[in-house]
Amino acid sequence: MTVEPPVIQLTLDGSIIHAREGQSIVAAARENGIDVPTLCDHPILPPAGTCRICLVQVGGRIVTACTTPVASGMAVAWMTSDLEQLRRGVVELLMAEGHHVCQGCEKAERCDLQSLARRYGVDSVMGRDVDQDAASRSALPHLMLHHDRCIQCLRCVRAIKGHQGQDIFGFVGQGRSIRIAVDVTDADALSDDTAQRAEAVCPVGALIHRRALAPAITRGGT
Amino acid sequence: MRGSIRAIVERYRGERRQLLAMLREVQRIYRCVPGDAIAVLAEELDLTRLQVEGTATSYRFLSREHRGGVTIYLHDGVLADMAGGRDVAAAFESHVGTPFGTTTEDRTIGLYTTSCIGLSDQEPAALINEIPFTRLDAARVRAIVDGIRAGTPLSDLLGPRGDGQNASPLIHSEVRNNIRMAGPVFFAPHVAGVALQAALRLSSCDVIDVVTRSRLRGRGGIGLPTGEKWAWCRAAEGESRCVIANAAEGEPGCFKDRVLLTERAAQIFEGMVIAGHAVRATRGFLYLRGEYAYLAGHLERVLHGMRERRLLGQRILNTGFDFEIGLRVGAGGHVCGEESALIESSEGKRAVPRNGPPYATTSGYRHLPTIVHNCETLGCVSRILEHGAEWFARLGTGVSAGVKLLSVAGDCARPGIYEVPWGVRIRDVLGMCGAGDTRAVIVGGAALTYVPPSQFDGRLGFEDLETNGVCTIVGAHRDLLAIVRQHLAFFARESCGFCVPCRAGTARLRDALDTWGAVSQPRDGIADLARLGQLIKATSRCGLGQAAPNPFLSTLANFPELYGVRPDAQAWRPTQV
């Protein structure tokens, strides 16, 4: 028999909601029918807190709702014009940082960043400092990594493990040169199944399953 | 290669959390971290190659590409420039014959730049194979480069040894302490063991009580009450606990810990043992920033000496208390000084801050309840136990107890370390250090704040100007906007890249300021930039990201004319969040 965690009460923009102890604010809000906008968060994955979209205000402090656990009596503000302005700002930064041109992208209309850009009225623009050359892509037999579309949300790192539970995806580099990488010596990393799961979990068009089996280009990876 | 990598792994008993130490060894031997080494380390430590590569590419002094038999890291920040660093950089490039960021074709010399290396009072300075070379000029650069080419050992290229322990065989360095004002807490004579003896006579709760009554607060910039932190950690559940000394000061212009580590290491370590007794920990370590690796041998010897005198190890001072201290050495980068990134780094991972909660006091190093303290805080702890809480609390002001070590550098006659009581005015600091006509004082801490002359009566302390002691003096003749740009470039370079506002926002702010004034219609208006700064400050994940826009925001508030904004203009003021 499993013991249910105790139910606690908190408020979201003044309305009382119920949550289970240990839940994140995002999860509790979601269960109460409130969708705090998220990007790096995924319901079945541990939180990462990288994208900073799910900002909420708790006791005067701005925190990310995905990494902050609920507490009894907590008063959370989420739909305020200031927070919406900050969220819009984060979306703008993401759109300007990478090469996010929706037209022609395989992930168009299935892309979480695109939805957020629409919601906040941010144009899909050409990034300023990204040139779309081969170095911005790595091709694996079944998977194309578009580094200039990656938002470093860590969803693939958190979601996809190999047969022995080993990480398949990881990050290398630091600061602006941080990029996602795959261990090409790991057979699990190269499988078709991994590629399918990667595309599904990626919120943007950074990981694309290569449906037509094109000849493998061995560039990139690690 | 396999054999030598295995030997390295064995030396660290195959412990995964020592991966950074192993990678430092690999870099030292091969002058890079080769792919084969990554493969062997992964295999031996049962990690994925990507985990090893992730760590190997997260630190300034580790590299995948060959960095030359002799690797030069020249500091290229604000204080280097103020001391003529550009000329020194040009001299290096012309004599080495390769641009910065590259290694000579024959792989003899690698020429790279780095952020503040804690030698702000003796710039321009460089680390050459981890050895500090200070007060450089073009002639000296030529001599050093010629010497390297001739195969002269680097230690033979050093200038006269510095003062105090700098001249000791284990440091053997030309670095100077420049202690300009000695006070009762740090630079009065320190007799090892006195404080510890006093602490061990008390129960752990009583030690916490003494420290609480002393009103000691953290010296790193955040200022948490130390006693409170100890009480949280002591009360947290865990099979054991950990005490960490943060010796990874990395903010531009901060160098006080370097001097403390050189002259008062035993006092810091003693503070750690006392903290260990208070929170019921059995071990701890000092995380030494990679930039100070030249002090590692000296620190090991101080620890050895303490063990011999039963101030460390088993049955300390013949009581039932056991406590051991180790040394962890970083590999470069400002973010390593962020408490949770430091912990990640100590576990052999990438230097990336953690999400909180939980915080270190409940789940820190290896998920044990952990306290991380600035070296200066731990040094204060020793004196508090030696002289009593009341003695310490009487120093300073009503709100800010004790003294503060200032790292003073820039446009002044006497740069160096000042031990002053809290509450000292900026104006007093300028007088002490012999500053002339001053345009701004950059006060460090939770963020770099540019203080204008109209606020020079402001007092350093938790009630007014909170600070980690960085006071960078900017003379009236300086181009302040150029300094703001350099600080923004620093934060953009040092961003770990993990969260969006710091990674993307800081770079964008830097780029916008770089073109500010150069084009008639800047891409972003000043109001947009102010909003961007507020966004980075409000939404970044760790304190470093939150601090990043402050050089811009504080000059916008205090020196609006830099941006063509009239002091009374309201248009740029962002919505308060």
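Sequence lines set the chain letters: A, B, ... in the order given, protein chains first and strands last, and positions in each chain run from 1. Keep in mind that what you see is a predicted model, and the values were worked out from it rather than measured.
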- Message: Does any backbone or side-chain atom of Ser540(B) lie under 4.5 Å from a heavy atom of chain A? Answer side chain, backbone, both or neither.
- Response: backbone
- Item | Proximal component of Arg354(B), with respect to chain A [non-hydrogen, under 4.5 Å] | neither
Could you tell me which non-hydrogen atom of [X] sits nearest to which non-hydrogen atom of [Y], and how far apart they are?
X         : Y        : result
Arg541(B) : Gly49(A) : CD-O, 3.3 Å
Arg508(B) : Ala96(A) : NH1-CB, 3.6 Å
Pro501(B) : Arg52(A) : CD-CG, 3.3 Å

Max heavy-atom pair count under 4.5 Å with chain B, selected residue of [options]:
options                                   : answer
Gly175(A), Gly170(A), Pro69(A), Cys153(A) : Gly175(A)
Pro47(A), Gly89(A), Ala48(A)              : Ala48(A)
Asp186(A), Thr50(A), Ile178(A)            : Thr50(A)

- Task: Give me the contact list for residues 156-169 of chain A versus chain B, heavy atoms only, anything under 4.5 Å, ordered by residue number.
- Result: Gln166(A), Asp167(A), Ile168(A), Phe169(A)
- Option from Ile53(A), Leu55(A), Thr64(A) for which side chain to side chain contact (heavy atoms under 4.5 Å, CB included) with Thr539(B) holds: Leu55(A)
- Query: Under 3.5 Å, side chain of Arg49(B) to main-chain N/O of Val182(A), donor-acceptor pair present?
  - Reply: no
- Message: Strictly distance-based, threshold 3.5 Å: is any side-chain N or O of Arg503(B) a donor or acceptor partner for the main-chain N or O of Gln152(A)?
- Response: no
- Item | Side chain proximity check, Leu535(B) to Leu93(A), heavy atoms < 4.5 angstrom | yes
- So CD of Gln534(B) and CD of Gln85(A): to nearest 0.5 Å the spacing works out to 10.0 Å
- Task: Drop me the distance from Arg176(A)'s CZ to Arg510(B)'s CZ, to the nearest 0.5 angstrom.
- Result: 7.0 Å
- Item | Pairs of heavy atoms under 4.5 Å with chain A: top-ranked of Ala56(B), Cys499(B), Ala492(B) | Cys499(B)
- Query: Given the options Thr48(B), Thr506(B), Val500(B), which has more heavy-atom pairs under 4.5 Å with chain A than any of the others?
  - Reply: Val500(B)
- Message: Going by the rule ring pair (Phe, Tyr, Trp, His ring centres under 6.0 Å), which residues pair with Phe61(B) if we only count those two or more places apart in sequence or in a different chain?
- Response: Tyr73(B)
